[in-house]
Protein chains: 2
Amino acid sequence: MKSTGENIKIDGIDKEILRFLMEDARKPVLEIARNIGISGAAIHQRLRKLEASGLISGSKFIINPKILGYTTMAYIGIYLDKAMSNPVAVKELAKIPEVLECHYTTGNWSILIKVLCRDNEHLMHVLNKHIQQIDGVSRTETFISLNQQIDRQISI
Amino acid sequence: MKSTGENIKIDGIDKEILRFLMEDARKPVLEIARNIGISGAAIHQRLRKLEASGLISGSKFIINPKILGYTTMAYIGIYLDKAMSNPVAVKELAKIPEVLECHYTTGNWSILIKVLCRDNEHLMHVLNKHIQQIDGVSRTETFISLNQQIDRQISI
DNA sequence: GATGAAAATGAGCAGGG
DNA sequence: CCCTGCTCATTTTCATC
């Protein structure tokens with residue numbers, strides 16, 4: 001269970017700690033301690049507090065999809081039939097491994113998704129053979145990311 | 001400098017290791033070792049190989065923006081004047097901390113960005129006072145994410 | 001490639017200010 | 001809230017298979 005997040009106070013030291021770990025989750029606490037000039041134990045205490053608050057939701061290894069040959073990223077706006085139950089469509093989308101994000105959105109579309117494919121041909125296949133096949137999907141609009149210039153988390 | 005990524009061969013054991021660490025970057029190597037039935041040293045060797053290949057581009061603590069009161073995520077399509085130098089606009093966008101992603105895209109817009117704000121009012125402020133102020137930005141289309149249903153990395 | 005063991009480093013806890 | 005000192009766990013290396 002996650003914390004409620006109420007009453008969380010983050011001071012400058014907390015922010016420094018978080019900034020280090022957001023860059024590199026495996027950075028040793030003692031190394032951070034040396035950098036910011038307090039003891040490892042103090043950092044450890046603060047991390048426990050931050051975890052308990054729910055602010056830290058985990059850590060991940062980031063893998064570079066290009067090395068695996070995945071070089072085509074695209075956003076796809078999806079129009080769903082009015083009668084369609086959106087959650088059912090989302091469940092189907094979740095089965096497509098190339099779909100990395102899925103949002104209900106305001107505006108033109110019902111759903112906006114992010115997909116990662118090897119190349120344009122692969123993207124076309126995912127669109128035609130998987131996404132368009134989902135019941136309720138009437139039309140899609142695809143925006144291929146030619147180049148991602150910024151990719152970061154919230155700034156602390 | 002990153003590796004070229006050529007000649008990278010990932011076998012089933014590598015994939016198992018990566019799957020564990022993509023879920024939790026701080027999982028001890030020895031724990032993974034017990035799970036998949038080889039020695040810690042072997043995992044360590046493989047990780048060094050995977051890092052050298054460039055497949056692993058690092059690790060990050062994931063922080064939960066909701067705890068900090070950031071609950072409004074939106075995608076914004078940006079139309080730039082034809083004469084505008086896009087890289088200059090991107091440089092300005094990078095200065096706006098609420099902008100988390102920025103892509104050059106095919107299709108209607110020049111640029112698609114993802115922003116994270118505290119609420120709709122904050123989003124409006126970022127749009128009017130920061131994004132619209134950038135030289136060359138002529139028009140924007142905003143899609144607020146009502147609910148993110150899927151958020152994951154490439155499946156290994 | 002994988003292994004086990006040794007050496008180096010870090011994590012986590014207790015006691016105290 | 002922070003520190004020091006201690007113990008235990010983990011990482012990292014290395015000789016060997």
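From a predicted model like this one, the values you see are computed outputs, not experimental measurements. Letters go in sequence order (proteins before strands), and every chain restarts at 1.
Aromatic ring orientation, B/Trp109 versus A/Phe143: parallel (interplanar angle below 30°, classes split at 30° and 60°).
Using a 4.0 Å heavy-atom criterion, one finds that A/His44 contacts the sugar-phosphate atoms exclusively. At a threshold of 4.0 angstrom between heavy atoms, the contacts of B/Leu30 include nucleobase atoms, whether or not backbone atoms are also involved. If you check every strand for non-hydrogen atoms under 4.0 Å, B/Ala41 touches a base.
With a cutoff of under 4.0 Å to any heavy atom of chain A, the contacted region of DNA chain C is bounded 5' to 3' by C/dG10 to C/dC13.
When the P atom of D/dC2 is taken as reference, atom NZ of A/Lys49 falls 8 Å away, rounded to whole Å. If you take CD of B/Glu51 and C1' of D/dT11, they are 12 Å apart, rounded to a whole angstrom. Separating the CD1 atom of A/Ile38 from the C1' atom of D/dC3 is a distance of 10 Å, rounded to the nearest angstrom. Between B/Gln45 atom CD and D/dT12 atom P the separation is 13 Å, expressed in whole Å. One can place CG of B/Leu47 at 9 Å from P of D/dT12, the figure rounded to the nearest angstrom.
A 6.0 Å sphere centred on CZ of B/Arg48 holds no more than 12 heavy atoms belonging to other residues, nucleotides or ligands. Within a 6.0 Å radius of CD in A/Glu23, other residues, nucleotides and ligands contribute 12 heavy atoms or fewer. Shown here is A/Asp81, whose CG atom has more than 12 heavy atoms of other residues, nucleotides or ligands within 6.0 Å. Counting heavy-atom neighbours within 6.0 Å of A/Lys49 NZ, excluding the residue itself, gives a total above 12.
Residues of residues 13-29 of chain B having a heavy atom closer than 4.0 Å to DNA chain D, listed by number: B/Pro28, B/Val29.
Remark: of the listed residues B/Thr140, B/Ile111, B/Asn108, B/Val137, B/Asn108 is the sole one forming a side chain to side chain contact (heavy atoms under 4.5 Å, CB included) with B/Tyr79. The side chain to side chain donor-acceptor pair (under 3.5 Å) test with A/Glu98 is passed by exactly one of A/Arg118, A/Lys114, A/His122, A/His125: A/His122.
A heavy-atom distance below 4.5 Å is not found between the side chains of A/Ile62 and B/Ile56. With contacts defined as side-chain heavy-atom distances shorter than 4.5 Å, the pair B/Glu92/B/Gln133 does not qualify.
Toward the 5′ end of DNA chain C lies the nearest nucleotide of B/Asp11, the other residue of the pair B/Asp11 and A/Arg34 mapping further downstream.
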